[in-house]
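Let me begin by presenting the structure, written as structure tokens, before commenting on it.
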Amino acid sequence: MSLSCETHVAQAFSEAFGPEPSGVWSAPGRVNLIGEHTDYNEGLCLPIALPQRTYAAVALRTDRRLRLRSLQSPTQYEIDLEDIRPGNPSGWGGYAAGVLWALQDAGHQVRGLDLMLDGHVPLGAGLSSSAALECAVAAAVSDLMDLHLLGDDSARAGLAAICVNAENTIAQAPTGGMDQSAALRCQAGHGLLLDCRDGSVEQVPFDLSADGLALLVMDTRAEHQLVDVQYAQRRASCEDASQQLGLASLREVAFNDLDQALDRLSGNRIRARARHVVTEIERVRQMVALLRAGRLPDVGSLLNASHASMRDDFEISCTELDVAVEAATTHGALGARMTGGGFGGSAIALVPADSSAKVTSAVMDAFSDKGFATPNCFAVTAEAPARRDS
Ligand code: GLA
């Protein structure tokens, strides 16, 4: 009989550190259904929490030392809380240690801990394994140190902001905050409509099985160079556009006023970037309206339009993602799009459940024809947020 994930990581903790952990906590990866590169523009997005989770077995220490281990990495970290700073530690340790730093930065008293991680969110697939790691650690620390940040949604919103600070400041990744909100605030069977202007959320029903549908993740296994630089450049272009318009963010451009706003921007490239953001926010609204009306099978064209916008206007797709989307949509998917930051990682396809195998083999064949690495295709559902497991 195979061990549960909780038991497995708890045993690994005991083998590494001696005693048993105080408990096991976990947090999910995410896919964003629609609303890409909108979070740092104070826009809307609609992620779901994945079944794939990162597990953290943790025990508090009496001193201020952190000992960090992972079943996915030979790198081990030992560091005092006082030595955590931007860029230190580097690598995955920065995401875990960064959470302790950010909790202190938010005024919480924290102590050292021993930590063993077991990550089941595919790495480098654009499915937010780093946010899952941060949020599993944050959930553990909140419980063990009685910080009460895992309670209602407003407490969880505060914890998400702390994890974003960890990622932005210590891991030095200028990401926008959607991923941590997804890991902490999504609910099973729902997409999370996240308004990044005021941090408010609404739970939107997302029940694939009721409509005989499946959501396929197609991890292209493509990792392109300069992803971080490209992400920062897109962010800077959006800030430039909102500055030129004299607005706080591109969220302030009403969809109906888009053409006038574009006329006031200088340069075709910046116009295209702004067009993506404003049209993408509108697509989120339209998708939410369809989901609320029980019309999930009708969202396919929005997914396709979102992909085209990211490919042509925001220029964050790549050949592998385009091939996956094209193969899926020509072999029975209702719609497909890349998801996450782009330049590699994963695409998603909404498919009739009985066509899943056909669409998967079409994508595999297309990759093989092009000489690409074999993609990792799997079906996902909307699952639970960060929690204590044992
Ligand atoms: C990455 C970032 C998020 C978001 C997406 C694009 O996943 O971490 O904050 O910007 O890209 O939507």
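Start at 1 and go down the list; that is how both ligands and their atoms are numbered.
With ligand atoms numbered from 1 in the order given, ligand 1 contributes 9 (O) to contacts under 4.0 Å with heavy atoms of Gly177. Under a 4.0 Å criterion applied to the non-hydrogen atoms of Thr175, ligand 1 contributes the atoms 2 (C), 8 (O), 9 (O). Proximity to Gly340 (heavy-atom distance under 4.0 Å) selects the following atoms of ligand 1: 6 (C), 11 (O). Within the listing of ligand 1, atoms 9 (O) sit less than 4.0 angstrom from a heavy atom of Gly176.
Considering backbone and side-chain atoms alike, Tyr40 places every N or O at 3.5 Å or more from each N or O of ligand 1. At a 3.5 angstrom cut-off on N or O pairs, Gly35 does not count as close to ligand 1. Any N or O atom pair closer than 3.5 Å counts here, and Asp39 shares at least one such pair with ligand 1. In terms of polar-atom proximity, Asn32 is not counted as a contact of ligand 1, lacking any N or O under 3.5 Å from an N or O of the ligand.
Atom 8 (O) of ligand 1 has its closest protein heavy atom at Asp179 OD2, 2.5 Å. Atom 7 (O) of ligand 1 has its closest protein heavy atom at Arg30 NH2, 2.8 Å. When only non-hydrogen protein atoms are considered, atom 5 (C) of ligand 1 lies nearest to Met178 CE, 3.8 Å. If you check which protein heavy atom lies closest to atom 10 (O) of ligand 1, you get Tyr231 OH, 2.6 Å.
Side-chain N/O atoms of Ser181 and Asp179 include no donor and acceptor closer than 3.5 Å. Asn88 and Asp83 share no donor-acceptor pair across their side chains, judged by distance under 3.5 Å alone. For the 3.5 Å distance criterion, the side chains of Thr381 and Glu383 qualify, holding a donor opposite an acceptor. For the 3.5 Å distance criterion, the side chains of Arg273 and Ser237 fail to qualify, holding no donor opposite an acceptor.
Ion pairing between Arg311 and Asp322 fails under the 4.0 Å rule for side-chain N and carboxylate O.
Here the two rings, on Tyr40 and Tyr231, have centers that are under 6.0 Å apart.
Between the Asp152 side chain and the Ala155 main chain, a donor and an acceptor come within less than 3.5 Å of each other.
Within the 4.5 Å cutoff, no side-chain heavy atoms of His148 are placed close to those of Asp143.
Proximity annotation for atom 6 (C) of ligand 1: of Gln180, Arg234, Glu36, Met310, Glu36 comes nearest, heavy atoms only.
Atom-to-atom distance recorded for Arg388:CZ and Ser22:OG is 7.5 Å, nearest 0.5 angstrom.
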